[in-house]
Amino acid sequence: MSNLLRGVNLYLIGMMGVGKTTVGRLLAQELGYGFIDTDDVIVKAAGKSINDIFTDEGETGFRQLESDVLAQVCAYTKLTIATGGGIVLRQENWSYLHHGLIVWLDCSVETIFNRLLEDTTRPLLQDSNPESKLRSLLQQRQPLYSQADLHITITQEQTPEQIVATILAAIPSVLKTQDVQHQN
Ligand SMILES: Nc1ncnc2c1ncn2[C@@H]1O[C@H](COP(=O)(O)OP(=O)(O)OP(=O)(O)O)[C@@H](O)[C@H]1O
Ligand SMILES: O=C(O)C1=C[C@@H](O)[C@@H](O)[C@H](O)C1
Ligand SMILES: [Mg+2]
């Protein structure tokens with residue numbers, strides 16, 4: 001599989017909890033690519049948790065760190081990059097994302113809500129009504145996520161391995177479109 005993308009980076013975007021980190025790690029193995037998670041890089045660089053970054057520097061401070069990390073990461077090749085759920089919010093980030101192939105992982109709010117019920121590491125979900133917060137975030141972000149090259153809809157039952165197989169099977173169709181575009 002290592003030749004499938006010819007070294008072009010693959011960016012996973014989508015709502016928090018959809019599985020970008022989980023799927024991205026496996027996908028990188030299948031592609032023979034390195035794996036990077038922008039949230040992890042931010043936490044290491046800042047020396048504190050995402051919750052603490054939001055508390056100390058606000059969402060604006062976090063988004064700046066996120067853009068800085070993305071700008072650095074996109075200088076490399078042969079990477080699968082799991083992004084944070086809000087990476088799509090800043091327009092400048094799109095110029096970095098478009099260096100690679102962008103895959104939107106999409107699933108229902110119910111699935112995300114069930115997965116993150118006990119999880120306190122997503123500051124934007126520390127809300128009196130996290131399910132409604134998820135719905136409004138998705139409504140706001142859907143037009144942005146839909147700018148991805150590939151839209152992969154996943155069901156609650158699909159395993160990470162099955163999702164990886166679905167993505168790998170869909171990649172050639174997108175590459176063909178891009179090749180055709182280059183010829184025109
Ligand atoms: N296909 C799956 N089936 C069952 N559980 C899953 C699946 N994918 C991810 N999970 C679980 O859902 C939770 C969230 O997954 P993950 O951290 O990969 O999401 P994410 O998209 O990276 O979220 P964030 O944007 O917050 O980083 C984790 O507990 C993970 O184990
Ligand atoms: O959806 C979001 O805005 C976020 C998702 C996570 O990946 C983290 O980047 C952070 O919790 C913010
Ligand atoms: Mg993640």
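Each ligand, and each atom within it, is numbered from 1 in the order the structure gives. Below, all heavy atoms of this structure are taken into account, side chains as well, without hydrogens, waters or symmetry copies. No experiment lies behind these values; they were computed from the predicted model shown.
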Closest protein heavy atom (residue, atom, distance) for [atom]:
| atom | answer |
| --- | --- |
| atom 22 (O) of ligand 1 | T21 OG1, 2.8 Å |
| atom 3 (N) of ligand 1 | R115 NH2, 3.5 Å |
| atom 9 (C) of ligand 1 | T22 OG1, 3.5 Å |
| atom 4 (C) of ligand 2 | G85 N, 3.9 Å |
| atom 26 (O) of ligand 1 | R122 NE, 2.7 Å |
| atom 7 (O) of ligand 2 | D39 OD2, 2.6 Å |
| atom 11 (O) of ligand 2 | P123 CD, 3.5 Å |

Hey, is the main chain of [Y] close enough, under 3.5 Å, to the side chain of [X] for a donor-acceptor pair?
| X | Y | result |
| --- | --- | --- |
| Q158 | T155 | yes |
| K20 | G14 | yes |
| T77 | V8 | no |
| R141 | G85 | yes |
| N51 | T120 | yes |
| N9 | G100 | no |

May I ask you to list the atoms of ligand 1 that are less than 4.0 angstrom from any heavy atom of [X]?
| X | result |
| --- | --- |
| I163 | 1 (N) |
| G19 | 8 (N), 9 (C), 15 (O), 16 (P), 18 (O), 19 (O), 20 (P), 21 (O) |
| G85 | 25 (O) |

Which bit of [X] gets closer than 4.0 Å to ligand 1, counting heavy atoms only: side chain, backbone, both or neither?
| X | value |
| --- | --- |
| K20 | both |
| D39 | side chain |
| D119 | neither |
| Q158 | backbone |

Any non-hydrogen atom of M15 lying under 4.0 Å from ligand 1?
yes
Could you tell me whether ligand 1 has any atom less than 4.0 Å away from a heavy atom of A82?
no
Does a donor on one side chain sit under 3.5 Å from an acceptor on the other, for [X] and [Y]?
| X | Y | answer |
| --- | --- | --- |
| R115 | Q156 | no |
| D68 | Q64 | yes |
| H151 | D106 | yes |

Output yes when R135 and E110 qualify as a salt bridge under the 4.0 Å nitrogen-oxygen rule, no when they do not.
yes
Provide the number and element of each atom of ligand 2 under 4.0 Å from a heavy atom of [X].
| X | result |
| --- | --- |
| G84 | 7 (O), 9 (O) |
| M16 | 1 (O), 2 (C), 5 (C) |
| G86 | 1 (O), 2 (C), 3 (O) |
| F62 | 9 (O) |

Residue T21, metal the Mg ion (ligand 3), N/O/S under 2.8 Å:
yes
Give yes or no for whether the N/O distance cutoff of 3.5 Å, strictly under, is met between [X] and ligand 1.
| X | value |
| --- | --- |
| T159 | no |
| G17 | yes |
| T83 | no |

Side chain, backbone, both or neither: which part of L124 comes within less than 4.0 Å of ligand 2 when only heavy atoms are counted?
side chain
Polar contacts were defined as any N/O atom of the residue lying under 3.5 Å from an N/O atom of the ligand; does this apply to R63 and ligand 2?
yes
Using the ring of each side chain (for Trp, its six-membered ring), is W94 parallel, tilted or perpendicular to H98, with breaks at 30° and 60°?
tilted
Using 30° and 60° as the class boundaries, would you call the ring planes of F62 and F54 parallel, tilted or perpendicular?
tilted
Would you confirm whether any non-hydrogen atom of the protein falls under 4.0 Å from atom 28 (C) of ligand 1?
no
CA sep, side-chain torsions, deciding dist, call: V88, W104, side chain to side chain contact (heavy atoms under 4.5 Å, CB included):
CA-CA 11 Å; V88 295; W104 172 21; over 6 Å; no
Hydrophobic clusters here meaning ILVMFWY residues chained together by side-chain heavy-atom distances under 4.5 Å, can you tell me if I36 and V69 are in one?
yes
Between CD1 on residue I152 and CG on residue L12, distance to nearest 0.5 Å
9.5 Å
Over all atoms of both residues, closest heavy-atom pair of D37 and T21
OD2-OG1, 2.5 Å
Among R122, R141, M15, Q126, closest by any non-hydrogen atom to atom 2 (C) of ligand 2:
R141
